[in-house]
Amino acid sequence: MPNSNVNYSSGALKMACIDAHLHVDMYAEEERDVLLEEAFRNGVEAVVAVSMHLTSSKTNDALARKYEGRLHPAYGFHPEQELPLDVELGQLLSWIRERYAEGQAFAIGEVGLPYYKRTELEAEGFLFNEKPYLSLLETFVQLAAELDRPIVLHAVYEDADKVCDLLQTYNIRRAHFHWFKGSEATLERMIEAGYYVSITPDVAYEKEIIELVKYYPIQLLMVETDGPWLFEGRYSGQQTVPCMVKQVIADIAFIKGIEISDAATILLHNTKRFYGI
Ligand SMILES: [Zn+2]
């Protein structure tokens, strides 16, 4: 297990970093500004704010205008929920196109496949029809290709292969698989395609994630919190905040056997290059 404690909650560790996947709109409304301002004060250069649906996208759009250059929005429909009605999807897609017409910088996300929803239902003996989720994802992949925007993906284990097929059909180069877990064969395929993977604080205690960090080239890694998702181990009982990515960087440096400052520089550069921040 990595053992490289850094005081991520203070500004003491001067390390510029980006939280590449944060659900800022899922924090209580009165907490959002405090959370972001504290992060920016403590060396977090920017956060990538992913969306669940249209309402969430609108919140992130407003925050992106308020924190220009520091909050980079991603607009989409999260797969681990009920499918949108056609009219809702239509509204979301035309709203995203309006942001594009306005010239706003944004990514497409969070989109993907409902791995946890599907496997939980299947474990209870239900049949799960994945087809409409695949076609919803295809709509967003097509949009990312058409608007030439990076795409943020929720696709783990065997779902990642289905997503890679779709990305390759539409010649998508800029794909970010957040909090990825999967087989070595899938990882190999993703490395080959130049797809990015982001690491969360659970690299401190999840063997599978430690192995992934060993395996995946650092040039294709980013760091994230997926906040407000809560973590265990040294993070037990703590609210998830963007500054925690500093500890993730330290853990990655430890696993890769490189200096923390070198890891920080590479990871920051990767995220900026990928998102155009
Ligand atoms: Zn997420």
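Indexing begins at 1, ligand by ligand and atom by atom, following the structure's order. The residues of the chain are indexed from 1 along the displayed sequence.
When the side chain to side chain contact (heavy atoms under 4.5 Å, CB included) test is applied to S183, the partners found at least two apart in sequence or on another chain are A185, T186.
Around the Zn ion (ligand 1), the protein N, O or S atoms found under 2.8 Å comprise H21 NE2, H23 NE2, E110 OE1, D226 OD1.
The aromatic rings of F231 and W179 sit tilted, their planes meeting at an angle between 30° and 60°.
Checking side-chain atoms of Q247 against main-chain N and O of C243 turns up no donor-acceptor pair under 3.5 Å.
In summary, the aromatic rings of H176 and Y196 are positioned with their centroids too far apart to meet the 6.0 Å limit.
Taking Ile, Leu, Val, Met, Phe, Trp and Tyr as members and joining any whose side-chain heavy atoms lie under 4.5 Å apart, directly or through other members, the hydrophobic cluster of Y116 also contains Y115, V156, Y157.
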Extract all donor-acceptor atom pairs below 3.5 Å that involve side chains of residues 254-264 and protein atoms in other chains or at least two apart in sequence.
| from | atom 1 | to | atom 2 | distance (Å) |
| --- | --- | --- | --- | --- |
| K256 | NZ | V213 | O | 2.6 |
| K256 | NZ | K214 | O | 3.4 |
| K256 | NZ | Y216 | O | 2.6 |

